[in-house]
Amino acid sequence: MVEQRGGYLGIEVVYAEPARQRLVRLQVAAGTTAREAALHSALDKEFAGLDLARVPVGVFGERVADSYELRAGDRVELYRPLRTDPREARRQAAASGRTVGGADV
């Protein structure tokens with residue numbers, strides 16, 4: 001959805017939890033920041049405990065500053081805390097002879 005019409009940009013805001021995910025498509029004014037888009041998404045109404053003012057944000061898998069100005073077609077991602085540190089998971093898997101993510105540890 002890459003479009004820009006009359007000073008408005010078509011963007012997406014996404015959030016996921018282990019059991020479900022949600023994608024919201026928005027039309028925002030040129031100059032809208034990643035944080036502003038997160039706030040406009042209203043995803044906190046659907047996910048209890050989601051603090052849109054503080055949740056880390058990224059665009060296409062890269063963490064960005066709150067002040068990052070969006071471009072047409074950007075996908076703003078809202079990141080939740082990891083349950084397990086990936087390095088610790090690999091250590092535990094190696095200690096028990098297992099693999100993590102399909103790769104040998």
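We're numbering straight along the sequence, starting at 1.
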Output a table of donor-acceptor pairs, distance under 3.5 Å, between side-chain atoms of residues 46-53 and any protein atom two or more places apart or on a different chain; print 'none' if there are none.
{"residue": "Glu46", "atom": "OE1", "partner": "Arg22", "partner atom": "NE", "Å": "2.9"}
{"residue": "Glu46", "atom": "OE2", "partner": "Arg22", "partner atom": "NE", "Å": "3.0"}
{"residue": "Glu46", "atom": "OE2", "partner": "Arg22", "partner atom": "NH2", "Å": "3.3"}
{"residue": "Asp51", "atom": "OD1", "partner": "Ala53", "partner atom": "N", "Å": "3.1"}

Could you tell me the separation between the [atom1] atom of [X] and the [atom2] atom of [Y], rounded to the nearest 0.5 Å?
X: Thr33; Y: Leu39; atom1: OG1; atom2: CG; answer: 8.0 Å
X: Ser96; Y: Arg91; atom1: OG; atom2: CZ; answer: 14.0 Å
X: Leu78; Y: Asp44; atom1: CG; atom2: CG; answer: 10.0 Å
X: Arg75; Y: Arg25; atom1: CZ; atom2: CZ; answer: 11.5 Å

Would you mind reporting whether Asp66 and Tyr68 have side-chain heavy atoms less than 4.5 Å apart? no
Applying the side chain to side chain contact (heavy atoms under 4.5 Å, CB included) criterion to Ser41, which one of Val14, Val13, Leu23, Val76 satisfies it?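 Running side chain to side chain contact (heavy atoms under 4.5 Å, CB included) over Val14, Val13, Leu23, Val76 with Ser41 returns exactly one hit, Val13.
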For [X] against [Y], the heavy-atom pair lying closest together:
X: Ala34; Y: Ala65; answer: CB-O, 4.2 Å
X: Tyr15; Y: Leu43; answer: CB-CD1, 4.0 Å
X: Glu69; Y: Gly31; answer: OE1-CA, 3.7 Å
X: Ala37; Y: Ile11; answer: CB-CD1, 3.8 Å
X: Val55; Y: Tyr79; answer: CG2-O, 3.0 Å
X: Gln27; Y: Gly10; answer: NE2-CA, 3.6 Å

Inspect the surroundings of CZ in Arg54 and state if more than 12 heavy atoms from other residues, nucleotides or ligands are less than 6.0 Å away. no
Is a donor on one side and an acceptor on the other found under 3.5 Å between the side chain of Glu77 and the backbone of Gly58? no
